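Take a look at the structure set out below.
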Amino acid sequence: MTLKTAARQVRENAHAPYSGFKVGAALRTEAGTIFVGCNVENVAYPEGTCAEAGAIAAMVAAGERVIAEAYVIADSPTPVPPCGGCRQKLAEFAANDVPVTMATTGGKAETMTVGELLPGRFDASHMDNV
Ligand code: THU
């Protein structure tokens, strides 16, 4: 299974009645496992939970913590980048050189690294004086 296929498939399960915008995410860990997530909205917080956050939560719940590659797909004119919060969540479990492919259902794709998506990231070293 490719990350592209996994992300396309899980996107169909998105619960996005408020935005109408379905997103699918898939990530591969260093162990080679694929985890998927879709966005899940709710009436109180219509932005809900992002697809990337869902995939990361599934990975952590399964006992894995190291992302090797990630893929995000949505029906958009241009590839959809992860939101700010998801960039920090990806960076928690991915090194700066980990590729994140952003794709459209129409076939466009762009790949950036986690470091490019979140330059100057806050990390544990910033708390070294504590
Ligand atoms: N969304 C994601 O799931 N991932 C992204 O990278 C961008 C935005 C979702 C959140 C919300 O359900 C909808 O897209 C519109 O913001």
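Hydrogens, waters and symmetry mates are skipped; everything else that's a heavy atom, side chains included, is used. As the structure is a prediction and not an experimental result, all values here were calculated from the model. As the structure lists them, so they are numbered: ligands from 1, and atoms in each ligand from 1.
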Less than 4.5 Å apart, side chain to side chain, heavy atoms only: is that true for [X] and [Y]?
X: Y71; Y: L27; result: no
X: T29; Y: V66; result: no
X: C83; Y: C50; result: yes
X: E41; Y: S19; result: yes

Check contact between [X] and ligand 1, using heavy atoms of the residue and a distance below 4.0 angstrom.
X: A16; result: no
X: P81; result: yes
X: G48; result: no

Under 4.0 Å to a heavy atom of [X] - the qualifying atoms of ligand 1, by number:
X: C50; result: 1 (N), 2 (C), 3 (O), 4 (N), 10 (C)
X: E41; result: 11 (C), 12 (O), 13 (C)
X: V23; result: 1 (N), 2 (C), 3 (O), 4 (N), 9 (C), 14 (O)
X: C83; result: 6 (O)

Return each pair, listed once, that meets ring pair (Phe, Tyr, Trp, His ring centres under 6.0 Å) where at least one residue sits in residues 97-130; pairs must be two or more places apart or across chains.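 Non-adjacent pairs meeting ring pair (Phe, Tyr, Trp, His ring centres under 6.0 Å): F122-H126.
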
Report the nearest protein non-hydrogen atom to [atom]: residue, atom name, distance rounded to 0.1 Å.
atom: atom 9 (C) of ligand 1; value: N39 ND2, 3.6 Å
atom: atom 3 (O) of ligand 1; value: A51 N, 2.9 Å
atom: atom 10 (C) of ligand 1; value: E47 O, 3.6 Å
atom: atom 7 (C) of ligand 1; value: V80 CG1, 4.1 Å

Determine whether any protein heavy atom is located less than 4.0 Å from atom 14 (O) of ligand 1.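 Yes, there is one.
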
Which is it for S19 and ligand 1 at heavy atoms under 4.0 Å: side chain, backbone, both or neither?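 For S19, only side-chain atoms sit under 4.0 Å from ligand 1.
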
More than 12 heavy atoms from other groups under 6.0 Å of CG on D128: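 Enclosed.
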
Closest contact, heavy atoms only, R121 versus V114: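 Residues R121 and V114, closest heavy atoms: NH1-CG1, 3.9 Å.
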
Nearest heavy atoms of G54 and T49, plus distance in Å: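 Reported closest heavy-atom pair: N-CG2, 4.5 Å.
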
Step by step, work out the side-chain contact (heavy atoms from CB on, under 4.5 Å) result for Q9 and M1. CA-CA 11 Å; Q9 284 181 0; M1 168 87 68; 3.8 Å; yes

Heavy-atom nearest option to atom 6 (O) of ligand 1, drawn from E52, R87, H15, M102: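 Comparing heavy atoms across E52, R87, H15, M102, the nearest one to atom 6 (O) of ligand 1 lies in E52.
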
